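Lettering of chains follows the sequences in order, A, B, ..., and the numbering in each one begins at 1. If you're wondering where the values come from, they're calculated on a predicted model, not measured in any experiment.
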Amino acid sequence: MLLIHCPYCDETLPEVEFTYAGEAHIVRPENPSAVTDEEWESFLFLRDNVKGNHYERWRHFHGCGRYFNAVRNTITDKFLTTYEAGAPRPSIESLTEKGK
Amino acid sequence: MTRFNAFNLVKNALGGHKAWTEQWPESQPKAEYDVVIVGAGGHGLGAAYYLAKEHGITNIAVIDKGWLGGGNTGRNTTIIRSNYLYDESARLFDHSVDLWQTLSQELNYNVMYSNRGCLMLAHNVHDVQSFKRHIHANRLNGVDNRWLTPEECKEYCPPINIAKDARYPVMGGALQERAGTARHDAVAWGYARGAAARGVDIIQNCAVQAIRRGPDGAVIGVDTDKGFIKCKKIGVSASGHNSMVMATAGVRLPLESMPLQALVSEPVKPIFPCVVMSNAVHAYCSQSDKGELVIGSGTDQYVSYSQRGGLPLIEHTIAAISEVFPIFNRMRMLRKWGGITDNTPDRSPIIGKTPVKNLYVNCGWGTGGFKATPGSAHVFAHTIAKDEPHPINAPFSLDRFRTGRLIDEAAAAAVAH
């Protein structure tokens, strides 16, 4: 079972309290009517599907109910960090230096 | 390759089984091939087999980073069925079920296909309505499927609990009698043996690091652990790692790789005569010829390449199985494992051409690829040989995510595949 730290509740809790919400930092187009089919395809469907450190969204469904972002290694399933939605994307280097 | 028949069996038995030839040689890569297939699972080996047999292309290498059939081909619950709702899916999966009927004879290799039937249980009014809709749609497409009352379900599969006060009461079931199971490893071995006999090289323990493209954008070969291999065409069918392999050619795919877990119980005497699936409680179960109950459910919810998965899902699955089949609730489980499935947004596969010339992909089978092995391999071989899709896989193109012509089995079926 994954143990996940909710950055809002500031508690580390079991995976069953959370739902996964896909890749993080995918920005919705500012002006949807000006977007081409290729850009819609990329926004809606295409994913990096990273083997390694993955930026992703989670929701504390059975807790505060809020979405947040995480960096998790998809080979070991170990979380490097979690952070509030809207916060800038942390660099992998800054996370691995701390020995996490 | 020695053919398996009664004469050779007796001859070799008398000779102490010393004269059998190896089923496929340990191949080393040649400098150049007409076609390179990435991934030696059932789909990849099958594609090589049909390319050699039906399209006369025998200068083929099937390359795998691990061992043959060691990915999802060896990690699934071996369920075979074709009761899909949409016309496109019904055609694709029923093509496969057609090929399963005679696959052992075709390959001269016993894949132990057993059409023991697949029963999908309905636990609420919505299930009843949705399954009856499936049955009607299937019958219009010539796919067998029929409705059973709870009593008929119990008669067909005695371990089912149909008590009215059960937590998940059984309100009926949809039965596809042509569905069943097969021996998963034998499918990979049979195709490997058949392909090797026609001259295909099977290269194991050799990871493909990158697909190399020429100045005109078309593929020219693959960089591997054993050096560069030149080739004219590449077919990628690497299940969970499709995104990574295709990314080296500059193609992004609409895939997310997630672990799908399964588990088996201790072996017991024959008690479970068919495959039973329950979508509402989300578990499926059958009994292997060794006597183990083979149990599975849905994927873990997050992207992961660890072939393990989390325990909460196993707990959920076992709870569901114990409720529907109380007779099993004291059985001991022997093993559990995970396979990495590549899932598309519409839960239908992608088989076809890519934006890169002479690069083809067979991916996105998600949690339901095993049942499709012969049909998928057959139409993928056609696509590679003719440079255009077979009519059966034409709707399963990569560009459907741009045109919007999705084949949305996820919403329509909401099933475990």
Side-chain angles (χ1 to χ4, degrees), chain A residues 1-6 12-26 29 32-33 35-63 67-82 92, chain B residues 65 207 238-248 250-259 298-316 319 338 340-348 350 354-355 363-364 397-406 408 410:
Chain A
M1 167 124 37
L2 303 180
L3 292 174
I4 304 175
H5 183 83
C6 173
T12 301
L13 298 159
E15 170 192 343
V16 291
E17 291 205 15
F18 299 84
T19 50
Y20 181 71
E23 193 176 318
H25 301 292
I26 295 175
S33 56
V35 170
T36 64
D37 286 354
E38 285 73 17
E39 287 163 326
W40 272 127
E41 180 192 25
S42 179
F43 169 72
L44 288 170
F45 299 127
L46 301 185
R47 297 293 178 260
D48 288 339
N49 201 20
V50 174
K51 183 174 184 176
N53 294 320
H54 188 233
Y55 293 88
E56 60 191 20
R57 301 163 77 219
W58 285 82
R59 186 181 179 203
H60 192 186
F61 191 80
H62 297 289
Y67 285 94
F68 59 89
N69 291 334
V71 185
R72 182 178 53 91
N73 186 300
T74 59
I75 303 168
T76 61
D77 288 339
K78 186 174 173 168
F79 281 88
L80 274 67
T81 187
T82 58
I92 299 295
Chain B
K65 74 175 172 121
S239 66
H241 287 75
N242 279 318
S243 294
M244 294 171 57
V245 175
M246 293 296 287
T248 65
V251 180
R252 277 183 98 205
L253 292 173
L255 296 176
E256 287 188 303
S257 294
M258 291 163 174
T299 62
D300 281 279
Q301 52 176 340
Y302 45 84
V303 169
S304 175
Y305 288 83
S306 77
Q307 288 175 317
R308 291 188 299 271
L311 274 174
L313 219 102
I314 295 291
E315 190 181 357
H316 166 84
I340 303 304
T341 62
D342 50 336
N343 299 274
T344 57
D346 63 359
R347 294 298 187 270
S348 288
I350 300 164
T354 67
C363 69
S397 63
L398 179 56
D399 67 7
R400 73 174 186 269
F401 297 95
R402 189 166 63 243
T403 61
R405 291 191 66 85
L406 304 182
D408 199 1

What part of A:L44 is in contact with chain B, defined as an atom under 4.5 angstrom from a non-hydrogen atom: side chain, backbone, both or neither? neither
4.5 Å side-chain heavy-atom contact, A:L46 and B:F401: no
Interchain contact, A:D37 with chain B, by part (heavy-atom threshold 4.5 Å): both
Just say parallel, tilted or perpendicular for the rings of B:Y302 and A:W58, cut-offs at 30° and 60°. tilted
Interface check, chain A: of B:Q307, B:R402, B:E256, most non-hydrogen pairs under 4.5 Å belong to B:R402
Partner chain B: residue of A:M1, A:K51, A:E56 with the largest heavy-atom pair count (under 4.5 Å): A:K51
Per-residue tally against chain A (heavy atom, under 4.5 Å) across B:G310, B:S257, B:G309 peaks at B:S257
A:D48 versus chain B, the contacting section by heavy-atom distance below 4.5 Å: both
Should we count CZ of A:F61 as having more than 12 external heavy atoms under 6.0 Å? no
Structural part of B:L398 lying under 4.5 Å from a heavy atom of chain A: backbone
Answer whether the closest heavy-atom distance between the side chains of B:V303 and A:N49 falls below 4.5 Å. yes
Of all the heavy-atom pairs spanning B:L255 and A:R47, show the shortest one and how long it is. O-CB, 3.8 Å
Identify the two heavy atoms, one from B:Q301 and one from A:T19, that lie closest to each other, and give their separation to 0.1 Å. OE1-CA, 3.3 Å
Between the CG atom in A:L2 and the CG atom in B:D300, the distance rounded to the nearest 0.5 Å is 8.0 Å
Among A:E38, A:E23, A:E41, single out the residue with the greatest number of heavy-atom pairs under 4.5 Å to chain B. A:E41
Distance check, rounded to the nearest 0.5 Å: B:T299 atom OG1 versus A:Y20 atom OH? 11.0 Å
Please give me the minimum heavy-atom distance between A:V50 and B:Y305, naming the atom from each residue. O-CE1, 3.2 Å
